[in-house]
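This is the structure I want to talk about, given as structure tokens.
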Amino acid sequence: MYGCHPVSPKNLIPMNSTLALLKDRLQTALVAAFGPELADADPVLVPASNPKFGDYQANGAMGLAKRLGLSPRAIASQLLNHLDVADLCDPPEVAGPGFINLRLKTAYLEAQLKAIQSDPRLGVAPVPNPKRVIVDYPSPNIAKEMHVGHLRPCVIGDALARILEFLGHNVLRLSHIGDWGTPFGMLIAYLREAYPDALVSGKLDLGDLATFYRAAKKRFDEDATFQEAARLAVVQLQAGDPETIQAWKIVCDLSNRTNRKIFDLMGLSPQIQERGESFYNPFLPDVIAELDRLGLLVEDQGAKCVFLEGFTNKEGKPLPLIVQKSDGGYNYATTDLAAIRYRVTEDRVQRVIYPVGAEQTNHFTQIFQVGKRAGWITDETEFVHTPLGNILGEDGKKLKSRSGEAARLVDLLEEAIARARADLETRLTDENRTETEDFIANVGQVVGIGAIKYADLSQNRTSSYIFSYDKMLALQGNTAPYMLYAYVRVQGISRKGGVDFEALGADSPILLQDESEFALAKSLLQFDEVLSAVEADLLPNRLCEYLFDLSKTFNQFYDRCPILQADEPQRTSRLILADLTARTIRLGLSLLGIQVLERM
RNA sequence: GCUCCAGUAGCUCAGCCGGAUAGAGCAAUUGCCUUCUAAGCAAUCGGUCGCAGGUUCGAGUCCUGCCUGGGGCGCCA
């Protein structure tokens with residue numbers, strides 16, 4: 001047993017958050033210099049705006065000038081008298097109106113890198129107080145195929161889930177699929193009509209989902225009798241009629257399998273659990289009853305509503321959130337409220353993240369308001385809607401397929417793969433290389449899927465972006481292929497030099513001499529700071545930006561510093577830097593849900 | 001009408017609690033492969049941060065108004 005999970009030295013390495021460490025020192029110095037009432041003062045430590053100012057700068061002195069009745073420069077220099085950072089930094093300096101510039105010591109950088117070298121987490125410590133987190137995965141209506149609209153929620157939600165999980169949180173991935181409601185009446189009615197055998201054999205060809213839906217829709221639009229049958233099916237479904245439930249299950253299963261296939265193709269976490277609308281169905285009457293008991297429920301025009309604070313309709317009157325329709329049916333607000341309640345009371349969740357389109361901002365504000373007023377959402381639980389911009393076509397409008405409908409997700413993915421593959425094949429011809437079909441297919445898939453996901457993630461999630469295969473697959477710029485190439489370059493060194501990175505001496509020193517080595521070292525040590533930032537503001541594009549910056553810095557290093565031809569001990573030192581870069585890229589991309597390649 | 005979001009280089013976008021001279025990529029122009037994959041590197045060019053006020057030591061960032069674009073606004077999700 002001993003050998004299976006050795007107590008690795010990583011557990012002994014202190015958290016590599018240089019930023020946090022320095023901030024702590026600055027705060028201590030503030031109190032030492034100006035007294036305990038300064039304990040709450042923020043030294044405003046941020047990365048330096050310009051390399052000539054060092055690595056970090058503390059801007060706090062300016063803000064404290066009024067409070068302390070001293071000039072910012074005087075505050076800064078007094079603070080410096082009490083600041084002990086000799087183990088981390090060169091002697092700090094006061095600059096400009098009162099900035100404190102901090103430059104990390106070479107020996108400190110070298111030691112930190114050395115510590116990270118043997119750490120699979122690359123210096124990223126798990127959070128001290130893990131939370132129970134739910135990430136809401138997109139809710140494709142089970143009755144329809146997934147389309148462009150599902151791309152961002154899937155990709156961004158999956159990345160956030162991976163990042164939070166890596167940081168040590170207990171993440172529950174829930175797909176809130178639309179597996180209940182009126183569209184099912186139509187599908188069940190059509191199933192009965194067109195595939196009566198299916199109810200007996202339980203068989204239906206998977207590929208038929210789209211056509212199945214279209215055919216059902218066509219019947220529904222054309223035939224009043226069929227509409228009546230569909231409505232009847234809904235009633236039977238809600239009444240729990242066994243035969244109808246069975247038909248419903250067949251349709252759900254059909255859709256789930258199709259969606260799973262797309263999830264797999266996209267490389268989404270396999271841990272996604274389906275917890276659709278039908279799951280919350282039994283709780284809906286309780287939600288209404290509880291709202292009523294709390295005195296929040298008002299009946300208006302036959303519908304049961306909660307009137308919202310701060311929302312008005314076109315006439316300027318308070319806007320209701322309808323939780324039970326006048327016909328007695330429930331709507332998505334009811335389901336979402338039931339989900340909030342369940343997540344708090346049963347899942348005991350502390351943070352719920354909804355990566356959903358920005359157009360639903362009002363909806364979330366409204367249900368969160370009701371959730372708070374009902375006492376389900378408290379200060380202990382954070383329900384957060386992370387609004388997403390739309391994916392637009394080249395014309396700046398919502399991306400459509402040629403036929404004018406929302407583009408099918410699977411088509412986008414396959415097109416990206418096909419283009420990535422074609423790019424590779426062109427290159428193979430140009431370079432007179434031959435590769436196996438397996439190699440070509442794999443590179444095509446990894447690059448294609450990686451490119452499409454990275455393009456999505458690298459954009460600030462709040463804003464819409466224009467979908468362009470040419471840009472996402474471009475070999476230069478902030479794209480997945482650029483990052484993959486930096487990774488491949490390192491693996492190329494390993495192959496060429498017959499170097500086993502894992503066997504690189506634990507006692508070989510890291511030596512930073514060239515400017516590009518310093519830049520790379522500093523970039524490598526910022527990984528944990530970036531992940532903390534993403535944890536806080538849920539913007540994966542920050543991680544993308546970091547990885548792009550790291551890759552650029554690496555390419556500069558690669559260009560300026562020969563590695564295999566260098567003399568020892570520089571050779572090993574540079575090999576370690578290269579390896580750390582590759583591992584950071586691999587880990588970083590994996591947290592974004594993107595795979596790497598050893599060759600491409 | 002109310003409300004939310006956006007407006008930064010020719011194009012696509014970053015810009016963290018307000019900090020020093022606003023940053024990338026693409027495009028354009030120009031150098032660098034007998035040397036670890038040139039899918040790279042270096043350099044040049046490019047800005048009234050939508051407009052007008054305000055807050056203060058300091059504003060792309062905060063406040064007010066306006067302009068432009070997009071979304072949402074009672075039984076769809």
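Convention: sequence-line order gives letters A, B, ...; per-chain numbering from 1. Not measured: the values here are computed from a predicted model.
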Is it true that, when you exclude A/Glu515 itself, more than 12 heavy atoms of the residues, nucleotides or ligands shown sit nearer than 6.0 Å to its CD?
no
What I want to check is whether an N or O donor and acceptor connect the side chain of A/Asn362 with the base of B/C73 at under 3.5 Å.
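Side chain to base: no pair below 3.5 Å.
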Sequence-distant partners of A/Thr462, side-chain contact (heavy atoms from CB on, under 4.5 Å), two or more places apart:
A/Asn460
Closer than 4.0 Å, any side-chain N/O of A/Asn555 to the OP1 or OP2 of B/C41?
yes
Taking only the C1' atom of each, what is the distance from B/A77 to B/A59 in whole angstrom?
41 Å
Measure from OH on A/Tyr354 to C1' on B/A77 and round the result to the nearest Å.
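Answer to the nearest Å: 15 Å.
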Quick one: A/Leu319 CG to B/C4 P, roughly how many Å, whole number?
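The distance from CG of A/Leu319 to P of B/C4 comes to 14 Å, rounded to the nearest Å.
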Contact class for A/Gly178 (heavy atom, under 4.0 Å): base, sugar-phosphate, or nothing?
nothing
Presence of donor-acceptor pair under 3.5 Å, side chain of A/Gln57 and base of B/A20:
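Present.
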How many Å lie between CD1 on A/Ile367 and P on B/A77, as a whole number?
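About 13 Å, once rounded to whole Å.
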Charged N-O contact under 4.0 Å between A/Lys217 and A/Asp221
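A salt bridge links A/Lys217 with A/Asp221.
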Applying side-chain contact (heavy atoms from CB on, under 4.5 Å) to A/Thr386 and not counting sequence neighbours gives A/Ile353, A/Pro355, A/Val384, A/Arg461, A/Leu538
Nearest-Å distance, CD (A/Gln369) to C1' (B/C4)?
15 Å
Expected string for nucleotides 55-63 of chain B under the B/S/- scheme (protein heavy atoms, under 4.0 Å, primed atoms plus P, OP1, OP2 as sugar-phosphate) is -SB------
Think A/Lys325 has a side-chain N or O under 4.0 angstrom from the OP1 or OP2 of B/C76?
yes
Between B/C49 and B/A22, how many Å separate the two C1' atoms, rounded to a whole number?
8 Å
Any side-chain heavy-atom pair from A/Thr581 and A/Ile585 closer than 4.5 angstrom?
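A/Thr581 vs A/Ile585: side chains touch.
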For the CD atom on A/Glu435, are there more than 12 heavy atoms of other groups (residues, nucleotides or ligands in this structure) within a distance under 6.0 Å?
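Counting neighbours around CD of A/Glu435, more than 12 heavy atoms of other residues, nucleotides or ligands fall under 6.0 Å, so yes.
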Distance check needed: B/A77 C1' versus A/His363 NE2, whole Å only.
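Going from NE2 in A/His363 over to C1' in B/A77 covers 8 Å.
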Return the value, rounded to whole Å, for the distance between atom CZ of A/Phe311 and atom P of B/C73.
12 Å
Of the candidate nucleotides B/G74, B/A20, B/C36, which contains the atom at the shortest distance from the side chain of A/Ser49?
B/A20
Counting only side-chain nitrogens and oxygens, does A/Tyr482 get under 4.0 Å of the OP1 or OP2 atom of B/C41?
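Answer is yes, contact under 4.0 Å.
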Could you check whether A/Asn101 gets within reach of a base, just the sugar-phosphate, or nothing at all, counting any heavy atom under 4.0 Å?
base
Find the distance A/Asn478:CG to B/A24:C1' and express it as a whole number of Å.
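Distance, rounded to whole Å: 8 Å.
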Using the test side-chain contact (heavy atoms from CB on, under 4.5 Å), find all partners of A/Ala41 that sit at least two apart in sequence or belong to another chain.
A/Leu30, A/Leu38, A/Leu64, A/Arg67
So is the aromatic ring of A/Phe53 stacked onto the base of B/A20, judging by whether the centres are under 5.5 Å apart and the planes are under 30° apart?
yes
Counting side-chain heavy atoms from C-beta on, which of B/G71, B/C75, B/A20 comes nearest to A/Ala303?
B/C75
Lys/Arg N to Asp/Glu carboxylate O, A/Asp423 vs A/Arg419, below 4.0 Å:
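A salt bridge is absent here (no side-chain N lies under 4.0 Å from a carboxylate O).
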Among B/G71, B/C5, B/G19, which is the nearest nucleotide to the side chain of A/Phe99?
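That would be B/G19.
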Taking only the P atom of each, what is the distance from B/A43 to B/G7 in whole angstrom?
30 Å
Straight-line distance of A/Asn101 CG to A/Asp55 CG, nearest 0.5 Å
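Going from the CG atom of A/Asn101 to the CG atom of A/Asp55 covers 10.0 Å.
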Heavy-atom closest pair (A/Ala416 atom, A/Leu473 atom, distance to 0.1 Å) is O-CD1, 4.0 Å
Rounded to whole angstrom, note down the C1' distance from B/A20 over to B/C63.
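Rounded to whole Å, the distance is 25 Å.
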When the nearest nucleotide of RNA chain B is assigned to A/Gln565 and to A/Gln360 on a heavy-atom basis, which residue is associated with the more 5' position?
A/Gln565
Given B/G71, B/G19, B/A77, identify the nucleotide with an atom nearest to the side chain of A/Glu359.
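Ranking B/G71, B/G19, B/A77 by closest atom to the A/Glu359 side chain puts B/G71 first.
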If I take atom CD1 in residue A/Ile391 and atom P in nucleotide B/G71, what distance separates them, rounded to the nearest angstrom?
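Those two atoms, CD1 and P, are 16 Å apart.
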Determine the interatomic distance between P on B/G47 and the same-named atom on B/C11; round to the nearest Å.
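My reading of the P atoms in B/G47 and B/C11 gives 12 Å.
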Select from A/Leu564 and A/Asn331 the residue whose nearest nucleotide in RNA chain B is closer to the 5' end of that strand.
A/Leu564
Report the distance from atom NZ of A/Lys522 to atom CG of A/Leu550, rounding to the nearest 0.5 Å.
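The NZ atom of A/Lys522 sits 14.5 Å away from the CG atom of A/Leu550.
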Can you identify which nucleotide, out of B/C36, B/C75, B/G25, has its nearest atom closest to the A/Ile493 side chain?
B/C36
What interatomic distance, in whole Å, is found between P of B/C73 and the corresponding atom of B/G10?
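Comparing P positions in B/G10 and B/C73 gives a spacing of 37 Å.
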Using Watson-Crick and G-U wobble pairs whose two distances are both under 3.5 Å, how do you write the pairing of RNA chain B as dot-bracket, with | for links to another strand?
(((((((..((((.....[...)))).(((((.......))))).....(((((..]....))))))))))))....
With rounding to whole Å, what would you report as the distance between B/G54 and B/U68 at their P atoms?
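Between the two P atoms, the distance is 24 Å.
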Evaluate the side chain to side chain donor-acceptor pair (under 3.5 Å) criterion for residues A/Asn555 and A/Arg489: first the C-alpha distance (whole Å), next the side-chain angles of each, then the deciding distance (0.1 Å), finally the verdict.
CA-CA 9 Å; A/Asn555 277 329; A/Arg489 277 187 141 175; 2.7 Å; yes
Is the centre of the A/Tyr332 ring less than 6.0 Å from the centre of the A/Tyr330 ring?
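Aromatic pair excluded; centres sit 6.0 Å or further apart.
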Is any NZ, NE, NH1 or NH2 atom of the basic residue among A/Arg152 and A/Asp456 found under 4.0 Å from an Asp or Glu carboxylate oxygen of the other?
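Between A/Asp456 and A/Arg152 there is a salt bridge, with a charged N closer than 4.0 Å to a carboxylate O.
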Need one value for A/Ser326: base, sugar-phosphate or nothing, where a base atom within 4.0 Å counts as base even if backbone is also close, heavy atoms only.
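Base, at least one base heavy atom under 4.0 Å.
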Counting the atoms with a prime plus P, OP1 and OP2 as sugar-phosphate, which does A/Cys544 contact under 4.0 Å by heavy atoms, base, sugar-phosphate, or nothing?
nothing
Picking from B/G25, B/C5, B/C17, which would you name as closest to the side chain of A/Lys552?
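Selected nucleotide: B/G25.
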Can you tell me how far P in B/G70 sits from the matching atom in B/U8, rounded to whole Å?
15 Å
Expected label for B/C62 (glycosidic angle, syn inside 90° of 0, else anti) would be anti
Within the structure, does a side-chain N or O atom of A/Gln476 lie under 4.0 Å from either OP1 or OP2 of B/G40?
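Result: yes.
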Counting only distance, no hydrogens or angles, is the base of B/G71 paired donor-acceptor with the side chain of A/Asn390 under 3.5 Å?
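Side chain to base: no pair below 3.5 Å.
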Give me syn or anti for B/C33, where syn covers glycosidic angles within 90 degrees of 0.
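Glycosidic conformation of B/C33: syn.
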State, yes or no, whether a side-chain contact exists between A/Pro153 and A/Tyr137 at a heavy-atom distance under 4.5 Å.
no
A/Arg489 vs B/A38: side-chain N/O to OP1/OP2 distance below 4.0 Å:
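Yes, within the criterion.
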Within 6.0 angstrom of A/Gln369 CD, more than 12 heavy atoms from elsewhere
yes
Report, as a single string ordered 5' to 3', how protein heavy atoms within less than 4.0 Å touch nucleotides 8-15 of chain B: B base, S sugar-phosphate only, - not at all.
----SSSS
